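Take this structure first; my questions come after.
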Amino acid sequence: LFIALALSLAAAGAMAQDKVVYHFDDAATQALKGLRNIKNHLDVDPGAKITAVSHANGVDFLMKDAKDRNGNPYEVAVQELVVRGVKFEVCEITLKNRGLKKEQFIEEVSFTPSGVVRAVKLQREGAAYIKP
C-alpha cells in the first residue's frame, strides 16, 4: 500500500510539471518574441519543462555572434534561459541543407536529427506546442 501511494504521488508530481515545445523556423521574426515568451513563461511557471526546437532559418539566432535588431547578442538571453532549465535544439537536416557546421553554434545548444520530428515527438510525449 505504501509503495502504491508513493508511486501515485510521484506520478501526480510529474503530471503537474508542464511540458512545452517552442518551435522556431524563422529567427528574424520569431527569436526576440520567442525568447521573451519563454522568459515570461518561466516567470509565471518556473517548473515548466521547455524545449526550443529550431530548424530552417530558425537556427540563425543560435549561431555564434548572432545579434538581434538592436545589436544585442542572442547568446546572453539563451544562456539565461538554459540556466533556468530550457533546452535549445538545432536540426541536423538544416545543417546539411544549409552547409552549416556544429562549431558555428553557441555551446548551449544540442542537436537533433530532425527538428520537425523532434517537435512531433515532444508533442506525443505531452508537450504543448507554441510557435512564437
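Quick caveat: nothing in here was measured; it's all calculated off a predicted structure.
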**Message:** Contact between Glu92 and Thr112 at the side-chain level, heavy atoms closer than 4.5 Å - yes or no?
**Reply:**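 A side-chain contact is absent here, since even the closest heavy-atom pair is not under 4.5 Å.
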
**Asked** Do the side chains of Leu32 and Phe61 get nearer than 4.5 Å, heavy atoms only?
**Response**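 No. Closest side-chain heavy atoms not under 4.5 Å.
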
**Message:** Nearest 0.5 Å, please: how far is NZ in Lys102 from CG in Leu95?
**Reply:**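 That separation rounds to 7.0 Å.
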
**Prompt:** Do Gln17 side-chain atoms and Gly47 backbone N/O form a donor-acceptor pair below 3.5 Å?
**Reply:**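 Checked: pair present.
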
**Asked** In terms of heavy-atom contacts, does NZ of Lys121 have more than 12 from other residues, nucleotides or ligands at under 6.0 Å?
**Response**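 Not buried by this count: 12 neighbours or fewer within 6.0 Å.
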
**Asked** Any Lys/Arg nitrogen of Arg98 or Asp60 sitting under 4.0 Å from an Asp/Glu carboxylate oxygen of the other?
**Response**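 Between Asp60 and Arg98 there is a salt bridge, with a charged N closer than 4.0 Å to a carboxylate O.
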
**Item:** Glu75 vs Asp65 side-chain heavy atoms within contact, under 4.5 Å
**Value:**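 No, too far: nothing below the 4.5 Å cut-off.
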
**Request:** Would you indicate whether the side-chain heavy atoms of Asp18 and Lys49 approach each other to under 4.5 Å?
**Result:**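 Of all side-chain heavy-atom pairs linking Asp18 with Lys49, none is under 4.5 Å.
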
**Item:** Nearest-0.5 Å distance that lies between atom CD in Glu125 and atom NZ in Lys19
**Value:**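 With rounding to 0.5 Å, CD (Glu125) is 6.0 Å from NZ (Lys19).
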
**Request:** Measure the spacing between CG of Leu42 and CG of Asn37 and express it to the nearest 0.5 Å.
**Result:**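 One gets 11.0 Å once the value is rounded to the nearest 0.5 Å.
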
**Message:** Surrounding CG of Asp43 (heavy atoms of other residues, nucleotides or ligands, distance under 6.0 Å), is the total greater than 12?
**Reply:**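 It does: Asp43 CG has more than 12 such atoms within range.
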
**Message:** For a side chain to side chain contact (heavy atoms under 4.5 Å, CB included) check, start with the C-alpha distance between Phe111 and Phe105, then their side-chain angles and the critical distance, and finish with the verdict.
**Reply:** CA-CA 10 Å; Phe111 298 89; Phe105 290 86; 4.1 Å; yes

**Message:** Between Glu80 and Lys39 (salt bridge meaning N to carboxylate O under 4.0 Å), is one present in this structure?
**Reply:**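 Answer for the salt bridge query: no.
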
**Message:** In this structure, would Val20 and Val82 fall into the same cluster of hydrophobic residues linked by side-chain contacts under 4.5 Å?
**Reply:**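 In one cluster: yes.
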
**Prompt:** Closest heavy-atom contact between Gly58 and Ser54?
**Reply:**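 Closest pair (atom of Gly58, atom of Ser54, distance): O-CB, 3.5 Å.
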
**Message:** Using 30° and 60° as the class boundaries, would you call the ring planes of His23 and Tyr129 parallel, tilted or perpendicular?
**Reply:**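 Tilted, since the angle between the ring planes falls between 30° and 60°.
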
**Asked** Side-chain contact, heavy-atom cut-off 4.5 Å: Asn57 with Asp25?
**Response**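 Not touching, per the 4.5 Å side-chain cut-off.
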
**Rounded distance [0.5 Å steps], CZ in Phe24 versus CG in Leu62** =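 If we round to the nearest 0.5 Å, Phe24:CZ and Leu62:CG are 8.0 Å apart.
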
**Asked** Could you give the distance from OG1 (Thr51) to OH (Tyr22), rounded to the nearest 0.5 Å?
**Response**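 One finds 11.5 Å between OG1 of Thr51 and OH of Tyr22.
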
**Prompt:** When clusters are formed by joining ILVMFWY residues with side-chain heavy atoms under 4.5 Å apart, either directly or through shared neighbours, do Ile93 and Val116 land in the same one?
**Reply:**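 No; tracing contacts between hydrophobic side chains, which count when under 4.5 Å, never links both residues.
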
**Hydrophobic cluster membership, Val109 vs Leu100, 4.5 Å side-chain cutoff** =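 Same cluster.
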
**Prompt:** Are Leu81 and Leu122 linked, directly or through other ILVMFWY residues, by side chains that come within less than 4.5 angstrom of each other?
**Reply:**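 In one cluster with Leu81: Leu122, no.
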
**Request:** Measure across Cys91 and Pro113 and return the closest heavy-atom pair with its distance rounded to 0.1 Å.
**Result:**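 Shortest heavy-atom contact: SG-O, 4.2 Å.
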
**Prompt:** Are Leu35 and Ile50 co-members of a hydrophobic cluster defined by side-chain heavy atoms under 4.5 Å apart?
**Reply:**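 Yes; tracing contacts between hydrophobic side chains, which count when under 4.5 Å, links both residues.
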
**Request:** Let me see the working for Asn72 and Lys67 under side chain to side chain contact (heavy atoms under 4.5 Å, CB included), right down to the final yes or no.
**Result:** CA-CA 5 Å; Asn72 299 314; Lys67 295 182 179 168; over 6 Å; no

**Message:** Ignoring hydrogens and geometry beyond distance, is a side-chain donor-acceptor pair present between Thr94 and Asn97 at under 3.5 Å?
**Reply:**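 Absent: no donor and acceptor within the cut-off.
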
**Message:** To the closest 0.5 Å, what do you measure between CE (Met63) and CD (Gln104)?
**Reply:**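 It comes to 4.0 Å.
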
